[in-house]
K.L.:
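Take a look at the following structure, please.
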Amino acid sequence: MAAMGARDREPPGGGRFDEAGDATRRTHLANERTYLAWWRSGLTCLAVSFGTGKLVPSLNHETRWPYAVLGAGFAILGLTFIGYGFLRQRRVEAAVMRGEFERPDDRFIAIVTAFGVLLGAAVLVLVLIAT
């Protein structure tokens, strides 16, 4: 193992703590993690879409169309999460660079929430009817 020079043991910036720069870096990293969370949510919805629309009806030999409609709904929700995550990441990044805060669109969040609640209620109805 090579010996570490004195310079290698010092923190970036020559040992000076840059509070504003460090806070900005943390904010950028948090924005990246949030973007990935939108992706994870979107991919989860796409997996649920496939399970609901294709796997469940083939396993229990039920009428396919209600499951296909629900599967399509979850696919739409997943694609919406991925698309909105990208737009949100860009807007937050620009706001951070300007030193501002970018609030999410309350109407969009309300619409996506309502859509998710409707999908969940439809799943509940199918579960109760199919048993």
Side-chain angles (χ1 to χ4, degrees):
M1 177 187 256
M4 289 179 50
R7 187 174 187 178
D8 294 330
R9 290 188 294 255
E10 290 183 19
R16 296 180 318 272
F17 179 67
D18 177 13
E19 187 172 343
D22 192 50
T24 301
R25 282 189 292 275
R26 285 193 313 268
T27 303
H28 285 292
L29 293 172
N31 189 34
E32 289 178 14
R33 287 189 301 274
T34 303
Y35 176 57
L36 293 175
W38 283 107
W39 261 92
R40 282 190 302 274
S41 298
L43 292 175
T44 300
C45 285
L46 292 174
V48 169
S49 168
F50 182 75
T52 304
K54 291 289 185 187
L55 295 179
V56 171
S58 66
L59 292 175
N60 65 8
H61 306 295
E62 294 282 331
T63 304
R64 296 184 81 83
W65 74 264
Y67 294 94
V69 170
L70 268 178
F74 279 109
I76 290 167
L77 188 60
L79 294 172
T80 301
F81 282 161
I82 292 169
Y84 180 75
F86 175 75
L87 293 175
R88 177 88 180 128
Q89 191 270 343
R90 296 322 238 155
R91 289 178 181 161
V92 169
E93 186 75 16
V96 169
M97 296 307 289
R98 292 188 311 268
E100 298 173 357
F101 177 73
E102 177 75 21
R103 289 188 49 79
D105 184 343
D106 290 337
R107 292 170 301 183
F108 176 80
I109 299 298
I111 290 168
V112 169
T113 300
F115 190 63
V117 168
L118 288 173
L119 285 173
V123 169
L124 179 61
V125 167
L126 272 181
V127 167
L128 292 175
I129 289 173
T131 56

K.L.:
What heavy-atom pair brings Gly73 and Phe115 nearest, and what distance separates the two atoms?
P.N.:
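Smallest interatomic distance, heavy atoms only, reads O-CE2, 3.3 Å.
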K.L.:
If we only count heavy atoms from C-beta on, is the Thr80 to Val112 side-chain gap below 4.5 Å?
P.N.:
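Counting from C-beta outward, Thr80 and Val112 do come under 4.5 Å.
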K.L.:
Over all heavy atoms of both residues, which pair between Gly116 and Leu77 is shortest? Give the atoms and the distance, please.
P.N.:
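Where Gly116 meets Leu77 most closely, the heavy atoms are CA-CD2, 4.4 Å.
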K.L.:
Only one of Trp38, Phe108, Phe74, Tyr35 forms a ring-ring contact (aromatic ring centres under 6.0 Å, His included) with Phe81, so which one is it?
P.N.:
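The ring-ring contact (aromatic ring centres under 6.0 Å, His included) with Phe81 is passed solely by Trp38 among Trp38, Phe108, Phe74, Tyr35.
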K.L.:
So among Val123, Val56, Val48, which one has a side chain to side chain contact (heavy atoms under 4.5 Å, CB included) with Leu70?
P.N.:
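With Leu70 as partner, Val123, Val56, Val48 yield a single side chain to side chain contact (heavy atoms under 4.5 Å, CB included), made by Val123.
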K.L.:
Looking at CG of Leu126 and OG1 of Thr52, how far apart are the two atoms once the value is rounded to the nearest 0.5 Å?
P.N.:
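So the CG of Leu126 and the OG1 of Thr52 are separated by 9.0 Å.
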K.L.:
Looking at every non-hydrogen atom in both residues, tell me the closest pair between Lys54 and Arg64 and how far apart they are.
P.N.:
O-NH2, 3.9 Å
K.L.:
On a heavy-atom basis, which atom in Ile109 and which in Pro104 lie closest, and how many Å separate them?
P.N.:
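Shortest heavy-atom separation between Ile109 and Pro104 comes out as CG1-CB, 4.2 Å.
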K.L.:
What distance do Thr27 atom OG1 and Asp22 atom CG have between them, rounded to the nearest 0.5 Å?
P.N.:
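Reported to 0.5 Å precision, the distance equals 9.5 Å.
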K.L.:
Walk me through whether Thr34 and Val92 qualify under side chain to side chain contact (heavy atoms under 4.5 Å, CB included).
P.N.:
CA-CA 10 Å; Thr34 303; Val92 169; over 6 Å; no
K.L.:
Minimum heavy-atom separation for Thr63 and Pro66, please, with both atom names.
P.N.:
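Scanning both residues, the minimum pair turns out to be O-CD, 3.4 Å.
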K.L.:
Checking Ser49 side chain against Cys45 main chain: does a donor-acceptor pair fall under 3.5 Å?
P.N.:
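Such a contact is absent between Ser49 side chain and Cys45 backbone.
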K.L.:
Any chance you could measure Glu32, atom CD, to His28, atom NE2, to the nearest 0.5 Å?
P.N.:
9.0 Å
K.L.:
With rounding to the nearest 0.5 Å, note down the distance linking CG in Asp105 to CD1 in Ile111.
P.N.:
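Interatomic distance, Asp105 CG to Ile111 CD1, rounded to 0.5 Å: 8.0 Å.
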K.L.:
For Glu102, does its backbone N or O pair with a side-chain atom of Arg88 as donor and acceptor, under 3.5 Å?
P.N.:
yes
K.L.:
On a heavy-atom basis, which atom in Arg40 and which in Arg33 lie closest, and how many Å separate them?
P.N.:
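Between these two residues, the closest heavy atoms are NH2-O, 4.2 Å.
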K.L.:
Do other residues, nucleotides or ligands put more than 12 heavy atoms under 6.0 Å from Arg98 CZ?
P.N.:
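Count over threshold, so yes.
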K.L.:
Hey, quick one: are Leu79 and Leu118 part of the same hydrophobic cluster, counting side-chain heavy atoms closer than 4.5 Å, chains of contacts allowed?
P.N.:
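Not linked; separate clusters.
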